[in-house]
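Below: one structure, written as structure tokens.
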Amino acid sequence: MDSNSPQPESTPVPPSSDPLTNQFTSLNDLAHELTSLQDLANRGSWLSIVDKVNRARSLSLLNTPHDHLTYLAYIALSLTKLRRFQEAQTELDSLDDFNSHHYRYETYPKIYHDRSGSMVPFSLRWLHALLPIKLGNRQEGLDRFYLLLDFVREKLNRNGNDESVKVWRKREVFVVNHIINQHLSNKELSVCIDLIDALISRGNLDPVLLSKLGYVQMQIGDLDGANVSFGKVEKIASESVENESGLRNLASRNKALVYLVGKDYLSAVREYDECIERDAMDYVAINNKAICLMYLRDLADSIKVLESSLERVPTVALNETLIVNLCSMYELAYVNHSDNKRTLNNWIARVAPDDFDSSCTRV
Amino acid sequence: MSTPPATQSLAFRVMRLCRPSFHVDTPLLLDPSDLILGEDIFDDPLAATHLPSLIDTHLTNPIDSSDLSYRSRFLLQTPFDSFGLTGLLVLPQSFGAIYLGETFCSYISINNSSNFEVRDIVIKAEMQTERQRILLLDTSKAPVESIRASGRYDFIVEHDVKELGAHTLVCTALYSDGDGERKYLPQFFKFIVANPLSVRTKVRVVKETTYLEACIENHTKTNLYMDQVEFEPAPNWSAKILKADEHKSEDNSPSREILKPPVLVQSGGGIRNYLYQLSLSSLGSAQSNVLGKLQITWRTNLGEPGRLQTQQILGTPITPKEIELHVAEVPSAINLDRPFLVHLNLTNQTDRELGPFEVWMSQDDTLDEKAVMINGLQTLELSQLEAFGSTDFYLNLIATKLGVQKITGITVFDKSEKKTYAPLPDLEIFVDMH
């Protein structure tokens with residue numbers, strides 16, 4: 001019946017090289033031992049990933065161009081997460097220009113058949129802009145981010161298929177977010193507001209974005225503006241059919257912030273308790289509840305809240321900011337706080353993922 | 001911070017409790033597709049069909065509490081997770097700068113680091129400035145009964161900062177230690193209060209309106225959100241703020257309802273200008289030139305408020321007019337060489353009797369004949385006016401030239417004080433043919 005369909009190539013093709021002519025069911029069809037890499041990443045075992053990539057390279061286990069690129073993306077990401085920025089940069093420096101024909105599917109018709117386009121993982125373009133900033137050259141990095149945004153927008157103008165458009169739209173938001181982050185960390189808050197304004201005008205009425213707008217407004221001191229933004233989120237949450245706890249908690253946490261700013265710490269704690277009831281892993285609610293308890297003069301309970309969260313939900317509670325707050329509380333509560341902090345530090349060393357920045361304990 | 005000598009069982013520990021801040025960072029979170037796949041792979045229709053579900057099943061499962069992975073430090077849960085502001089709050093990490101107009105707030109904890117209980121603790125916290133010593137807390141009337149070994153007693157103090165310069169938070173505890181000995185522990189925490197703003201003002205009088213320009217400069221290390229800048233006029237003045245016309249963009253975006261651009265004054269030298277139009281609402285008896293003062297309220301992180309008032313702002317002294325002469329009515333048709341009557345009103349704006357007066361038209365320097373002259377007696381006599389009184393009178397004038405002409409130089413002279421007042425401002429009239 002299918003006499004017109006193209007016949008598969010007669011030359012044998014290794015199973016992992018082109019996932020699309022095979023009915024793939026596992027990640028390993030996409031790249032060499034991808035499942036293992038992904039698993040290590042989920043566990044935060046970035047050191048192990050560095051080892052694995054180096055081993056695969058030295059044993060020549062990577063056979064296809066996309067395998068090399070995927071492995072490079074993993075090691076560059078790992079080194080960045082481990083704050084070994086120069087090494088990550090070196091990895092990226094080993095590549096040709098991203099637009100080189102070496103990184104295009106059509107250059108290797110024997111492996112990729114009819115596929116065309118760039119096989120560069122987008123994360124590499126992101127790291128290419130981020131690393132100069134991490135290495136101290138903020139202007140270069142910021143320029144690259146703006147250029148990356150142009151690049152993404154150009155891809156959107158080509159009008160690809162639905163899935164392609166969806167993916168590039170996500171990348172557009174991703175890049176704008178990172179540009180906002182840079183301006184945010186440089187305290188250029190008016191610029192952030194303009195960028196968020198632009199996102200909202202393009203139809204991004206995402207409650208998470210609106211909440212973050214509220215946080216920027218609060219940080220500036222524009223409490224009225226923040227209230228308006230939170231009001232929109234509340235409206236979306238109350239109209240939502242699914243009633244998922246994530247959205248509900250987001251609206252609750254916003255409400256708690258408004259109480260906090262009005263110095264009504266008791267009501268804020270009540271809101272945060274509701275959040276924790278709905279989702280025991282809401283570490284933002286847990287952390288902020290502990291902060292409120294401090295302002296209620298209850299240093300003992302604020303410490304208890306944070307310590308117990310480390311016991312019950314370590315995979316989310318083990319967050320550098322939460323630890324910074326806990327250590328500030330130890331410094332206030334105990335004359336011999338270095339003991340408490342050392343105990344904490346030892347526990348962290350046993351349990352934390354490789355990328356955890358333990359300088360936050362100030363031990 | 002001073003440390004207590006080793007013989008003390010108690011020690012104060014202090015943490016400044018201004019508002020917390022939001023934690024900001026660069027999240028290193030990714031969409032798995034951006035790591036494991038080529039960026040253009042979805043152009044391939046086969047990939048577009050098969051890959052999304054593969055990725056969903058294997059990579060983006062929702063987290064449940066039994067999941068012991070650190071996936072949330074690696075994968076994006078929602079698109080805006082890459083915007084590094086989660087809402088996590090951080091406690092103030094350093095003492096920071098303290099500015100005039102802010103509220104100083106501090107968590108104070110007294111620790112008993114000894115192995116014995118201490119009893120009858122009288123705690124005092126005071127703020128010592130260059131000029132005074134303010135009591136913030138005093139438990140002498142109800143001493144704390146005891147603090148157990150390794151125990152703590154906590155309190156929070158607040159103080160509105162109203163002075164500049166060196167401040168010392170003085171914390172003292174008077175207690176009975178484990179041996180029953182009465183001990184005294186003083187501890188001192190010093191800080192400096194600086195001026196957050198400077199205000200420069202300029203007063204200008206144009207015609208009879210006074211304009212006040214105020215320029216606010218931010219000397220702090222953070223941006224200041226101007227919550228309110230209000231001019232409070234002195235009793236006999238009223239003020240109106242003048243704003244430039246807003247340049248309204250055509251944009252009808254949904255964000256317009258949310259976003260009113262905030263009034264932010266940049267840190268470290270940024271400025272913002274304000275313009276007020278002032279008018280004398282009534283002539284007070286005092287000839288003061290005090291215009292009023294500016295009340296400024298600003299906010300910093302999470303709405304931390306600050307409030308300052310300027311000194312009284314002085315204007316250029318305006319001598320209030322003792323008499324007011326104005327034109328009540330001029331005939332609508334004025335013809336050449338035909339006499340016409342101008343209705344004038346003279347008011348005594350003082351609280352004492354003035355006059356009697358003479359009214360004439362002053363001679364100007366040109367040799368030309370004046371276009372409009374008094375017809376008849378060149379000087380008009382007016383009787384005395386009582387305090388705040390007024391009188392109406394008519395001047396008989398005649399115009400000798402056609403077209404647009406001016407009635408100039410109508411002058412009032414006080415005969416008893418021998419004082420000539422400034423002439424009536426020129427009045428334009430149109431002189432027609434018969």
Side-chain angles (χ1 to χ4, degrees), chain A residues 20 27 30-31 34 41-44 66 70 73 81 115 117-123 160-161 163-164 167 170 173-174 177 180-181 184-185 190 197 200-201 206 208-209 212 215 218-223 228-229 253 261 280-281 284 287-288 291 297 299 315-316 321 324-325 328 332 335 353, chain B residues 11 13 15 20 22-24 26 28 30-31 34-40 42-48 52 58 65 68-74 78-80 82-91 107 109 111 113 152 154 156 223 225 253-255 258-260 262 264 299-303:
Chain A
L20 303 180
L27 292 180
L30 290 174
L34 189 57
N42 284 336
R43 290 173 190 290
H66 73 267
T70 307
K81 282 204 167 268
R115 198 182 308 152
S118 159
M119 68 173 87
V120 174
F122 187 74
S123 53
N161 63 51
E163 195 58 45
S164 171
V167 159
K170 267 200 260 179
V173 165
F174 180 76
N177 284 344
I180 292 176
N181 290 338
L184 202 56
S185 55
S190 305
D197 190 5
I200 294 175
S201 325
D206 186 314
V208 175
L209 176 63
K212 293 187 181 197
Y215 308 152
M218 261 194 174
Q219 185 68 46
I220 290 177
D222 179 6
L223 303 180
V228 175
S229 304
R253 291 198 304 267
V261 154
M281 293 183 85
V284 179
N287 175 81
N288 291 2
I291 303 257
R297 205 179 59 102
L299 183 55
T315 55
V316 289
T321 307
V324 162
N325 286 331
S328 296
L332 185 56
V335 176
Chain B
R13 300 193 69 74
M15 180 168 121
F22 284 116
H23 173 71
V24 168
T26 301
L28 297 178
L30 285 178
D31 183 317
D34 289 343
L35 187 61
I36 65 182
L37 301 168
E39 59 193 352
D40 283 338
F42 291 101
D43 288 351
D44 185 329
L46 271 173
H58 289 261
S65 34
L68 291 172
S69 85
Y70 287 107
R71 204 181 306 212
S72 60
R73 293 175 68 95
F74 166 42
T78 81
F80 288 97
S82 43
F83 179 165
L85 193 58
T86 50
L88 263 182
L89 293 170
V90 192
L91 287 169
Y107 197 112
S109 183
N111 290 329
S113 54
R152 254 188 5 248
D154 296 342
I156 293 181
N223 298 334
Y225 174 74
S253 66
S255 61
I258 308 175
L259 282 180
K260 220 181 47 166
L264 262 188
R299 291 190 180 270
T300 53
N301 68 299
L302 260 66

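By convention in this document, chain letters (A, B, ...) are assigned in the order of the sequence lines, proteins followed by strands, and residues within each chain are numbered from 1.
- Both the backbone and the side chain of B:Asp154 come within less than 4.5 Å of a heavy atom of chain A.
- The residue among A:Lys170, A:Lys81, A:Arg297, A:Met218 with the most heavy atom pairs within less than 4.5 Å of chain B is A:Arg297.
- Using a 4.5 Å cut-off between heavy atoms, B:Pro20 contacts chain A through both its backbone and its side chain.
- With a 4.5 angstrom heavy-atom cutoff, A:Ile180 touches chain B only via side-chain atoms.
- With B:Tyr107 contributing its side chain and A:Leu332 its backbone, the two residues share no donor-acceptor pair below 3.5 Å.
- Looking at A:Asn161, only its side chain comes within 4.5 Å of chain B, counting heavy atoms on both sides.
- Your options are A:Asn181, A:Leu34, A:Val261, A:Val324, and the one with the most heavy-atom pairs under 4.5 Å with chain B is A:Asn181.
- By number of non-hydrogen pairs under 4.5 angstrom with chain B, the leading residue of A:Ser328, A:Ser118, A:Gly117 is A:Ser118.
- The backbone N or O of B:Leu89 lies less than 3.5 Å from a partner atom in the side chain of A:Asn287, making a donor-acceptor pair.
- Judged by distance alone, the side chain of A:Ser164 and the main-chain N or O of B:Asp43 form no donor-acceptor pair under 3.5 Å.
- Using a 4.5 Å cut-off on side-chain heavy atoms (C-beta onward), A:Ile220 and B:Asn223 make no contact.
- Heavy atoms closer than 4.5 Å to chain A are found in both the backbone and the side chain of B:Thr86.
- Residue with the most contacts toward chain A among B:Leu37, B:Leu85, B:Asn301: B:Leu85 (heavy-atom pairs, distance under 4.5 Å).
- The choice from B:Val24, B:Leu264, B:Leu35 that makes the most heavy-atom pairs within less than 4.5 Å of chain A is B:Leu35.
- In terms of heavy-atom pairs under 4.5 Å with chain A, the best-connected choice from B:Leu302, B:Leu30, B:Asp31 is B:Leu302.
- Here CD of A:Gln219 is found 9.0 Å from OG1 of B:Thr300. Values are rounded to the nearest 0.5 Å.
- Residues B:Phe42 and B:Pro52 are in side-chain contact: their nearest non-hydrogen atoms beyond the backbone lie under 4.5 Å apart.
- Interface remark: of the candidates B:Gly303, B:Ser82, B:Pro79, B:Ser82 forms the most heavy-atom pairs closer than 4.5 Å to chain A.
- Most heavy-atom pairs under 4.5 Å with chain B: of the set A:Val335, A:Asn288, A:Leu223, A:Thr70, this distinction falls to A:Asn288.
- In this structure, A:Ser123 OG and B:Ile36 CD1 are separated by 10.0 Å, a value rounded to the nearest 0.5 Å.
- Here the CG-CZ distance, from A:Asn42 to B:Arg71, works out to 4.5 Å after rounding to the nearest 0.5 Å.
- Taking chain B as the reference chain and counting heavy-atom pairs below 4.5 Å, the highest number among A:Asn325, A:Thr321, A:Leu209, A:Asn177 is found for A:Asn177.
- Although no hydrogens or angles enter the test, the distance criterion places a donor-acceptor pair under 3.5 Å between the side chain of B:Asp44 and the main chain of B:Leu46.
- The only option from A:Asp206, A:Val208, A:Leu184 that meets the side chain to side chain contact (heavy atoms under 4.5 Å, CB included) definition with B:Phe83 turns out to be A:Leu184.
- The parts of B:Thr26 that come within reach of chain A are both its backbone and its side chain, each placing non-hydrogen atoms under 4.5 angstrom from that chain.
- The parts of B:Arg73 that come within reach of chain A are both its backbone and its side chain, each placing non-hydrogen atoms under 4.5 angstrom from that chain.
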